[in-house]
Each structure stands twice: as structure tokens, then as C-alpha cells.
Novice: 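Quick one: the structure is below, questions incoming.
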Amino acid sequence: MANDQSGKSSEARTGGMLAGKTIIVTGGSRGIRRANALRLAGEGGKLVLAARDATALAKVVAEIEAGGGEATSVATDLRVPDAPASLVDAALKAYGTIDIIVNNAGATRRGDFLTLKEADWMDGFALKFFGAVRLTRAAWPHLKQRHGSVLNIIGVGGRTPGAEFTIGGSVNGACMSFTKGLADIGIRDGVQVNAINPGSVRTDRLRVLLQSEAAQHGGDVDAVIEQLVRKANVVRLGEPEDVANLAAFILSPQSRLLQGALIDLDGGQTKTV
């Protein structure tokens with residue numbers, strides 16, 4: 001693993017709810033991950049972004065720097081068991097401390113259960129679940145010392161998995177249970193632990209799925225979105241910035257009473273109690 005892009009700005013922001021905090025954001029190159037990185041940097045955080053695509057990471061670092069923020073990036077594959085510990089070392093080398101972990105990496109394969117391979121299941125758990133477990137474990141002593149925070153970005157599919165989402169539902173359910181158990185340890189150690197469960201969010205990945213759906217039925221993407229919103233009975237599709245705004249609040253000093261919360265940000269999609 002190599003430190004691909006270091007962006008120490010001499011004009012780093014001193015204001016904001018997260019001023020001076022060192023924040024590791026995994027998967028921080030696109031979609032919700034990118035929005036989280038930009039928002040948290042806008043609140044004064046010093047960002048350490050981790051993903052596999054070094055080029056995409058560099059672009060986000062450049063955006064943060066252009067806004068007067070401070071960031072560095074580490075191209076790494078968190079499916080590799082020792083990669084999370086190396087990421088922690090890189091963050092400490094860059095900034096000396098770790099205050100916040102945002103576990104935001106991982107996408108799982110959809111499909112008919114009987115067609116999904118063993119490798120699909122292993123890959124789904126390796127990145128999103130075990131990547132978060134290993135990174136949090138490696139960073140925990142530093143989070144404990146700084147009375148820091150862990151925020152897991154999971155997904156409402158962990159509450160309501162469907163036939164095409166057996167891997168994702170299982171992984172997300174495991175991440176929710178992990179959040180609750182870790183939050184109990186966090187009470188003892190002074191570390192805040194919470195999770196956001198986004199619903200359908202307008203990301204590149206969703207856009208590809210919607211375009212495929214539109215092509216299959218001879219319609220356009222806007223019509224598919226309208227149908228999706230109506231069928232799910234939600235306020236609207238989410239935007240990456242919706243998740244980022246909530247993340248900034250959860251990680252701010254104003255929300256320290258939140259502990260072990262699994263917050264569904266889904267426009268009303270989840271109907272269960």
C-alpha cells in the first residue's frame with residue numbers, strides 16, 4: 001500500500017464543527033463516499049481517504065484542497081487483512097492522530113441466490129464487513145485516547161433484504177449488529193459509535209441500474225425514477241449530500257448523546273418498527 005496523494009493545505013480551515021479532527025473515510029472516491037469527504041472537510045476535518053482507485057481519490061483530494069481543506073489519500077484494498085492496519089499507520093504518519101472513522105467502503109453483488117457464487121459471498125463480507133471490523137479494531141486505541149467516533153454507512157437493505165439482495169442484506173445486517181455491539185464497548189471506552197442506513201440514493205451505481213431498467217422496458221430514466229419513488233412510497237430519491245449532511249451532524253459535538261443509533265435515511269421506505 002502506498003500513500004498516493006498528500007494534500008496538506010497551508011490554508012486549512014480552522015472553523016467548523018470538526019475543526020482539527022483527523023477523519024478516515026473509506027471508499028472515499030465516489031457517490032456517498034465523495035460527498036461525505038467533501039462535507040466533513042468543509043467542517044474543518046483533516047481527511048484521510050482510502051479506496052482502490054488512486055486516480056479518483058486524487059480528484060477528491062484536489063476538490064477538498066480547492067475549497068481550502070486538508071486531505072491525503074491512500075490507495076488500498078481493504079479486503080486484504082493487513083491493509084486496515086497499514087491505513088491507520090498512514091493516517092498517523094500524515095496527521096499524528098485519529099479522531100473519527102467513517103466506514104463507507106463496500107458494494108455487494110446482486111442476483112438470484114442460486115446463481116451467486118461462493119466468491120461473491122466472500123467478497124461481499126471481505127470489504128464491507130471485515131474491512132470495517134479490522135479498520136475499527138486497528139484504530140480503536142487512538143479513538144479511545146481522543147474520545148473519538150465511528151460512523152458506519154450501511155443501508156436499509158439490512159432491515160428489508162429481498163430476493164436479489166441476499167448478500168447485501170446479510171452483510172448489512174451483520175454491520176448493524178456490529179454497530180450495536182461496538183457501541184456498548186464505546187460506552188466503556190468513551191468512543192461514539194453510530195450508523196446511517198441510506199435508502200435509494202442517486203449515485204452512479206443506481207444510475208446504471210436505472211438506465212438498464214429503462215432500456216429493458218423502452219422508457220426513460222426519469223420515468224423509471226418516478227415509478228421507483230411511487231412503488232417504494234418515499235418522499236424522493238436521496239442525494240449523496242443528504243447522507244453527508246447527516247454524517248456531519250452525527251459526528252459533531254452536538255450529537256454526542258447518540259450511541260448505537262441505526263438511523264434510516266430513506267425517505268420513509270422502511271415501514272417496520
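Both backbone and side-chain heavy atoms feed into the values below; hydrogens, waters and symmetry mates do not.
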Novice: Can you list every pair that meets salt bridge (Lys or Arg N to Asp or Glu O under 4.0 Å) and has a residue in residues 154-171, with sequence neighbours left out?
Specialist: Arg159-Asp264

Novice: Within the 4.5 Å heavy-atom criterion, are Gln269 and Val156 side-chain neighbours or not?
Specialist: yes

Novice: Let me check something: any side-chain donor-acceptor pairs from residues 136-145 under 3.5 Å, sequence neighbours excluded? List them with distances.
Specialist:
unit_1 : atom_1 : unit_2 : atom_2 : d
Thr136 : OG1    : Asn103 : ND2    : 3.1
Thr136 : OG1    : Ala132 : O      : 2.7
Trp140 : NE1    : Asp189 : OD2    : 2.8

Novice: Between side-chain atoms of residues 244-252 and protein atoms elsewhere (two or more places apart, or another chain), which donor-acceptor pairs fall under 3.5 Å?
Specialist:
unit_1 : atom_1 : unit_2 : atom_2 : d
Asn245 : OD1    : Arg39  : NE     : 2.8
Asn245 : ND2    : Glu241 : O      : 3.1
Ser252 : OG     : Phe249 : O      : 2.7
Ser252 : OG     : Gln254 : N      : 3.4
Ser252 : OG     : Gln254 : OE1    : 3.0

Novice: If you compare all heavy atoms of Gly27 against all heavy atoms of Ala105, which two are closest, and at what distance to 0.1 Å?
Specialist: N-CB, 3.8 Å

Novice: State, to 0.1 Å, how close Arg33 and Val25 come at their nearest heavy-atom pair, and which atoms those are.
Specialist: O-CG1, 4.2 Å

Novice: Out of Leu47, Val150, Leu135, Ile100, which one pairs with Ile24 under the side chain to side chain contact (heavy atoms under 4.5 Å, CB included) rule?
Specialist: Leu135

Novice: Does Pro198 have any side chain to side chain contact (heavy atoms under 4.5 Å, CB included) partners at least two apart in sequence or in another chain, and if so, which?
Specialist: Ile32, Ile153, Ile196, Val201, Val243

Novice: Heavy atoms only: give me the nearest Pro84-Pro81 pair and the separation to one decimal.
Specialist: CD-O, 3.4 Å

Novice: Heavy atoms only: give me the nearest Ala41-Ile64 pair and the separation to one decimal.
Specialist: CB-CG2, 3.6 Å

Novice: With a 4.5 Å heavy-atom cut-off, do Thr160 and Lys271 have their side chains touching?
Specialist: no

Novice: Roughly how far apart are Ile23 CD1 and Leu40 CG, rounded to 0.5 Å?
Specialist: 4.5 Å

Novice: Using only heavy-atom distances, determine whether the side chains of Asn197 and Asp266 contain a donor-acceptor pair under 3.5 Å.
Specialist: no

Novice: Check residues 49-57 and write down every donor-acceptor pair under 3.5 Å in which the side-chain atom is one partner and the other belongs to a residue at least two apart or another chain.
Specialist:
unit_1 : atom_1 : unit_2 : atom_2 : d
Asp53  : OD1    : Thr55  : N      : 3.1
Asp53  : OD1    : Ala56  : N      : 3.1
Asp53  : OD2    : Arg30  : NH2    : 2.7

Novice: For the residue pair Ser200 and Leu237, establish whether any side-chain heavy-atom pair is separated by less than 4.5 Å.
Specialist: yes

Novice: How many angstroms lie between CG in Asn152 and NZ in Lys180, if you round to the nearest 0.5 Å?
Specialist: 12.5 Å

Novice: Which heavy atom of Thr72 sits nearest a heavy atom of Ala94, and at what distance?
Specialist: CG2-CB, 4.1 Å

Novice: Let me see the working for Val102 and Thr26 under side chain to side chain contact (heavy atoms under 4.5 Å, CB included), right down to the final yes or no.
Specialist: CA-CA 6 Å; Val102 180; Thr26 64; over 6 Å; no

Novice: My understanding is that only residues two or more places apart in sequence, or in another chain, count here; which of them pass side chain to side chain contact (heavy atoms under 4.5 Å, CB included) with Arg146?
Specialist: Thr97, Asp99

Novice: Taking salt bridge (charged side-chain N to carboxylate O under 4.0 Å, His left out) as the definition, give me every residue that meets it alongside Glu63, ordered by chain and number, with sequence neighbours left out.
Specialist: Arg34

Novice: Does Lys117 have more than 12 heavy atoms from other residues, nucleotides or ligands lying within 6.0 Å of its NZ?
Specialist: no

Novice: Test of understanding: with salt bridge (charged side-chain N to carboxylate O under 4.0 Å, His left out), list the residues that count as partners of Asp120, not counting sequence neighbours.
Specialist: Arg109

Novice: Is the shortest heavy-atom distance from the side chain of Val88 to the side chain of Leu92 under 4.5 Å?
Specialist: yes

Novice: Working to the nearest 0.5 Å, report the span between NE2 of His147 and CZ of Arg256.
Specialist: 8.5 Å

Novice: When you compare the side chain of Ser149 with that of Lys21, does any pair of heavy atoms fall below 4.5 Å?
Specialist: no

Novice: Which ILVMFWY residues are connected to Met176, directly or by a chain of links, through side-chain heavy atoms under 4.5 Å apart?
Specialist: Ile154, Leu262

Novice: Between Phe125 and Phe130, how do the two ring planes meet: parallel, tilted or perpendicular, split at 30° and 60°?
Specialist: tilted

Novice: Please identify each residue that fulfils side chain to side chain contact (heavy atoms under 4.5 Å, CB included) with Val80, with sequence neighbours left out.
Specialist: Asp77, Asp82, Ala83

Novice: What pair of heavy atoms forms the shortest contact from Ala71 to Val61, and how long is it?
Specialist: O-CG1, 4.0 Å

Novice: Look only at the side chain of Gln192 and the backbone of Ser255, and say whether a donor-acceptor pair between them is shorter than 3.5 Å.
Specialist: yes

Novice: Partners of Ala261 by side chain to side chain contact (heavy atoms under 4.5 Å, CB included), sequence neighbours excluded?
Specialist: Asn194, Leu258, Ile263

Novice: Going by atom type alone, with no hydrogens or angles, which donor-acceptor pairs under 3.5 Å involve a side-chain atom of residues 167-174 and a protein atom two or more places apart or on another chain?
Specialist:
unit_1 : atom_1 : unit_2 : atom_2 : d
Ser170 : OG     : Thr166 : O      : 2.7
Asn172 : OD1    : Lys128 : NZ     : 2.8

Novice: Check whether any side-chain heavy atom of Ile187 lies under 4.5 Å from a side-chain heavy atom of Gln259, and answer yes or no.
Specialist: yes

